[in-house]
Structure formats: structure tokens, C-alpha cells
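The block underneath contains the structure these notes are about, expressed in C-alpha cells.
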Amino acid sequence: MKKIIKILIFLSFLLGFSGLAYLQERSEEGLVIPNEEIGAPEIVYNKPVKGVLFSHKYHVGELGLSCESCHPKLFEMQALKAQENPDFNMNALYQGKYCGACHDGKMAFASNTKCATCHIGVKGLKRLEKEMKTGKK
Amino acid sequence: MNLGKYLPGTKASRFLLGLTFLVFLISMAFGIHAMHIGYRHAYGVTREIPWGVLISGYVFFVVTSTGLCIVSSIGHVFGVKSFIPIAKRAVYLSIITLLAGFMVIFFDLENPFRMLIWNLFSPNLTSNIWWMGTLYGVYLFFMSLEFFFLLVEKHRSATIAGLLGLISGVAAHSNLGAVFGMLHGREFWYGPYMPIYFIASAAASGCTAIIFFTYLGYKLMNEKMERAMEISLQAVGKVWALVLAILMFFTTWKLITAFVGGEGKILAVKELISGKYAFNFWFFEVFLGMILPFIILLVSRFQNLTHMFIASLLAFIGIYFMRVDLVVLGQVVSHYFELSITDFPTFLSYTPTIYENMIIIGAIAFTILTFLIGEGVFKGHKVEIH
Amino acid sequence: MIKRWFKEFKNLGNEEIEKIPDEERREFLKIGLIITGVFAGGSLLSVVSKVAEGLATPEELKNNYPYKPHYSMVFKIDLCIDCERCVEACNLTNQVPDYGWRTMILERYSSKAVDQKRIFLPILCNHCNHPPCVIACPTKATIKDSQTGIVKMVSYKCIGCKTCMTACPYNARYFNEERHAVDKCDFCWEKRLSKGITPTACVEACPAGVRIFGDLSDPLSEVYRLVHQLGKPVWVLKPETGAKPNVFYTIS
């Protein structure tokens, strides 16, 4: 009996740890910060490079773009889904895919300029992560 | 063997002897523990501010040592009669304060034992640190030699050793100033000011120390001061007042010139006079370290030794903060401050830990302890005037 | 001994502008004006003032760049996105502990800036021609390599006085407990270059082509072409210290 309990405890620990590892894995993939006002989150992609921000707050809240402008044609209605695609990279953007549909130098600044505007980097990622944890806006 | 005869006389001095010995042991324990857990964990210094109060403490002690050597040389080397009675004690004190400085730097260097090897076998002659370290070694040798000759009453030899000690001491000490002054990446320090300031500062510290310790020695031994000694200390007081005036002059111009020139220097000086270090600067460094002792000296008319003793005690406290400001302020302005970087604040901060403070306190305890032992063993450093 | 020392000292300061012929100097002051006009952060003049485009023959190059290869790095900083793959690669390659760094990315941010508010600025050891750290080290534990110009550590000689850390204008050094010595970027000399692997780990890892590494004394190299062009501003950090760095910054 005791042995079984021991094994059970061991197993639950194992599960707990793997769960923790899984959570860590999730945050490695990127950040999704809910925004109730807008109804759509701030998204930080971590693939193929870390720390690329898409802000619904800016695009919907300030620019007033509608959901249909991007969804579901350019992006599926699921946060961080796009980065699973193998072609989610700068070259695709230059060919007018994803962000590149608007960021072509005519509608919005071209994808190959002003890099650090969307690329908030590891520093930006960490800052947002911290804000999320402390519940600060 | 009866150790009692070497122990100094009064109850107070015996108490002080025991206390300082205890404090010294405790601080050693702190130092060794810091060494064991690693200085990165034990000390408050960082990558950006790698020099903290231990460097300040080292500077404090070796400045005092050089100053004592300078003061002792006035009588001993240059033959000014009135300065001769203080000379022997000054030489002894200059040796022990130098050792106290070495003790502090020992706990600052990450690999002190490597220094013994590579200072000798891989010298870098463009390095002021190398010259400073080597010349202080030479200085220690000559000062010890001078003290030995004084003990065996070979005054001619002592004078020669004293002269060589003075030369090596001044050379070593100006090199210590140059350690800061030749760092061309650090605007607050860079320039010829530092070596010159260090020598002037040493003379002030030397006068402070000899007045402080001579007076304390007589009080603790419960002995009445001889007339010759009184005259001698009064003469030191006059020199001290002069050097204090020079220091005030230096400090004033350091501040004024800092307001033109590089922005990094302006920022550092602003931090010193109106920022986080303002209290350190105005109260400790300027008021306790220079102005108040100067006023007390004038008021005492260089006659009242008790007043002069109080002045020297205050000045000692002030001088310590002077060294802290000098060392830390050179590093507080962030390397890339002009680029509006979010990674570092414009002003970096440094707070010493208990380990660092305990090592400084230990070195002070060591100085007082060895001073007391010296008073006992060498019977008040009496010198016959020939 | 003293003579050798003096020679070494002279070699360190190899690029005094005083020695340039007048004509060339005028040309260069012009360039300097263009550059400093655009970027207040420093000018090209401070380091490579002697070599004007088209004027340098290989013989002159040899004199101007005393090292062969004269290793150098150029950053196109507007391309940097702070993905920090360079930092990760460096840490892995050189076993940099978590409390230290050999290269890092600084973030410049100004809410008052027109348009883009943020730019990243990668930094590392500048492998200066007149390195304050090398001058200050008491035991020659840090040296300027006479072949490559790389500022290296000789770890076993380091006494840990940390003077080099205070001497460095670029914050490029830290004390490494595992090595019992100060540690810094060596352009991956120990782990890669000395084994014939080029470029450095950080350059290889960069996905955005920010970092360009090469031989500044070779007119065919990319670093040479980037540093000796007039179309775009080229600058160094903290030129006022006189350290004469070999790390340059430009835009794409």
C-alpha cells in the first residue's frame, strides 16, 4: 500500500513538473495579452525570431480597422497561429502576405523599414511579460 | 616571558587593545567568509562599478601612510628641529597604516597571490597600478629600514633610508593618483589633477594622523607631554592648516573647472554637489574634512592640543568620505548615458555591503591595535634630540 | 626594455591625424563634417582618417592598419531587432555565465523621437587601437595581439584588480568567477578563429545581417567597403576617449 502511495506521489510530481515545463514552453512560443476594451489581444510572436509585436490596441483601437481587414484572410482567428506556418517570415511579408498586405510602403510603412517598430525584441518581450505578471498596463 | 611589560599602561588602553583585537578578528572572519563565498556575492560592487569602498579604504590608508612619511621627513630628513620629536612615531605609524591598506586591498583583489608572481615576471610598465604596487613595496622596505635604524640609533643611515622612503612613497602615491588620472575613458578622473591632488591630500592626512595618534598615545599612557613634543605638534598644526587651505583651493577649482567640458564630468559633479552624494560631500568632505578642522585650528591658535586632537578626529571621518566620493563618483555616470539607453539609468548606484564595511573597520582596528602595541613595545617612541 | 616599451606604446597610438598630408587631411575633414553633421554620436575621422577612398595603396594600407588581418566589426544598427540570437550564440560558444556578457544589445528609446521611437544598439569589446585596458593592466593579463589586433585575456596572469574594467569606456569587461579572471569578447579567437572557423559566433547567428566581421586591411572585404564609403554615415562610439575603436556603426 505504502509503495503505491509513494509511486502515486512520485507520478504526481512528475506530472506537475512536466506541466510546468509545458507552461514554460507555451510562454516560449509567444505572448497573448488580453485587452478587454478592444476585445482582441496584444500578440507577441516568438517565431521565427523573438519579440515581434502586433497590437490590436493600435490597429483596431487607434486606427479603427475592422476585424475583416485581416481576419480570416491574412490571419486565422487564433492568436500565435500564424507563426506555425513555415512561410511566416520577412520574405513572405515582402510578397504581400501577412502584415505585408498593408505594410507595403503605400498603405503603411514598408516591411523592410523601421524594423524596431514591430520588433520589440527580447527586451520588449520581457517587459510585457513582467507587466502581465504584475497586472500593470 | 612576561607580556605584561609590553602592554600599555592605563585601563582604557588595555580595554581598547582587547576591543580592537576582537574587532580585528571578527573582520578577518568576514573577509575570509567573503573570499569563500566569492566577492561577487559578498560585495556590493558590480560590473559597472567595480571599485567600491575597499578601494576607497585602501586609498585612505595609503594616503595616510604617505602623509606620515612626508611629515616625518620634515624633521628627520630635512632637519627641521621642531619636527624631530614626532618623527619616530610617524615612521612607525606610516608602516602600520600601509599594512592596513595592504590588508584592505588583499580582500579586494580577486587573485592576490597571483600578484606576487606576475608583478615580478610580467610587469606592464605602462600600468600605473604596476608602478604603484611596486613602489609601495619599495617604500615599505625603506620605511622599515628607517625605523630599524631609528631603533638602533643610527641616525645618518636612518636619514638616508628616510629620504629613499620619501622618494619612493611620493612616487608610489602620485602613481596611485595616476591610476585614476590616466583612465582616459573616465572624465571625472582623467587629467593631471589626480596625482597632484593625492600628494596634497597625503600631507593633510599625515598631519591629521600624527596629531591624532600622538595625542591619543600620551592620553592612553597617562603621561604628561614633554615641552618639545608640544612644540612639535603645534608646528604640525601650522603645516596642517596650510595644507588644508591648499586642499580647499584644489577642491574649489576642481568643481569650477568641471562645469565646462564633457557632459559626463558635469553630471558626476552635479551628482556630487546636489545629488545623492551631496550630504557626503558638503557635510563630511567639506565641513568635517576641511572647514571645521581649519576653523578649530585657527581658534586654538595652534596652542590647545585638545582642540587640535578633536579637529584631527573630525578630519579623519571627513577624509574617509572624501576617498569614498573620489572613488565612487568616477564610476557612477553610466557608460552610454548620452544615448538615452533604457538598459542602464544615467546614474548607477552602489551600496557597500556589511562585508566591505567590516573589512574597513577591521583595518581601522588593526591600525589602532598595532599603534597601541607600538606605544607599549617602543615605550612611546621617545627620541633623543642630538 | 624601456626602448621596447616605448615602441609598444608608439604602436598603440598608430593613427595620429597630425601626420596626414594636408591635401588628404582637407579631404578628410570634409568627410568628417558630413559625417558629424549627420550623426552627433561620433565620427569616422577618429580612426581611419588616413585612408581616403582611392588614395590608399596596399603599401599605405599596411602602414595604416598595422595588423594582418586587422579584425573589425561593422554594425548596420537599423536592422537589429533584439532577437538576441547573437547573445545566445556567444554565451554558448564562450561559456559566458548568466551574470556576465561579452556582447549585449542596448535599447535606445525616446518618446520624443520623430517617427520610430526605438532602435537597438549592439555592443561588444571595441578592440581599440589604443586600448585603455591594456595600458592599465599591471601584469599584462590583457594584451593587444600583435598579429590580429584582438584584445585578448591571458587569464592565468589576471590578479583581479579590476582596473581594466574601470578603464574600459565601453563596459565590455566583467569578472568571471569560473575563469578566476576578467573575461571579455575576443572575437571568438579562442573558440573559433584560432581553429580556422570564421566568422564569429554572433555574426553567424544573426538572422538580420546586422553584424559584419572581417579584415579592415583588405580592400576587398565587406567591412573595408562599409567603412570607406561616403554614402552613409559611419561612426564609432565614444570617439572622445581617444581609444580608437575597431567596431563601427552604420545603417543599411
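Throughout, protein chains are lettered first and strands after them, A, B, ... in sequence-line order, and every chain is numbered starting at 1.
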Measuring heavy-atom distances to chain C, does B:R40 have an atom under 4.5 Å in its side chain, in its backbone, in both, or in neither? both
Salt bridge or not for C:R179 and C:E190, using N-O below 4.0 Å? yes
State, to 0.1 Å, how close C:A141 and C:C137 come at their nearest heavy-atom pair, and which atoms those are. N-SG, 3.1 Å
I need the residue from B:H184, B:E48, B:R186 with the largest number of non-hydrogen atom pairs under 4.5 Å to chain C. B:H184
Sub-4.5 Å heavy-atom contacts with chain B: which residues of residues 152-174 of chain C show up? C:S155, C:Y156, C:K157, C:C158, C:I159, C:G160, C:C161, C:K162, C:T163, C:M165, C:T166, C:A167, C:C168, C:P169, C:Y170, C:N171, C:A172, C:R173, C:Y174
Would you say B:N111 and C:H180 are linked by a side-chain donor-acceptor pair, where the criterion is simply a distance under 3.5 Å? no
Quick check on the interface: out of C:I105, C:T241, C:T139, who has the most heavy-atom pairs with chain B under 4.5 Å? C:T139
Aromatic ring pairing B:Y320/B:F60, orientation class (parallel under 30°, perpendicular over 60°, tilted between): perpendicular
Taking the inter-plane angle between the rings of B:Y43 and B:Y39 on a 0 to 90° scale, is it parallel (under 30°), tilted (30 to 60°) or perpendicular (over 60°)? parallel
Residue among B:F344, B:F121, B:F180 with most heavy-atom pairs under 4.5 Å to chain C: B:F344
Residues in residues 119-126 of chain C that sit under 4.5 Å from chain B, counting heavy atoms only: C:L121, C:I123
C:E107 versus chain B, the contacting section by heavy-atom distance below 4.5 Å: both
Shortest non-hydrogen contact from C:K144 toward C:Y67: CE-OH, 3.3 Å
Residues C:S252 and C:D78: side-chain donor-acceptor under 3.5 angstrom: yes
What closest approach, in Å, do B:V269 and B:L255 show between heavy atoms, and which atom pair accounts for it? CG1-CD2, 3.7 Å
Describe, in one word, how the ring planes of B:Y193 and B:F250 are oriented to each other, choosing from parallel (under 30°), tilted (30 to 60°) and perpendicular (over 60°). tilted
Which heavy atom of B:F198 sits nearest to which heavy atom of B:L176, and what is that distance? CE2-CG, 3.7 Å
Are C:D186 and C:R102 ion-paired here, with the side-chain N under 4.0 Å from a carboxylate O? yes
B:S65 and B:Y139 side chains, donor-acceptor separation under 3.5 Å: yes
Residue, of B:F113, B:W189, B:Y190, B:W118, that accumulates the most heavy atom pairs under 4.5 Å with chain C: B:W118
Can you tell if the side chain of B:N175 reaches within under 4.5 Å of the side chain of B:L135, non-hydrogen atoms only? yes
Quick one: what part of B:L183 sits under 4.5 Å from any heavy atom of chain C, side chain, backbone, both or neither? side chain
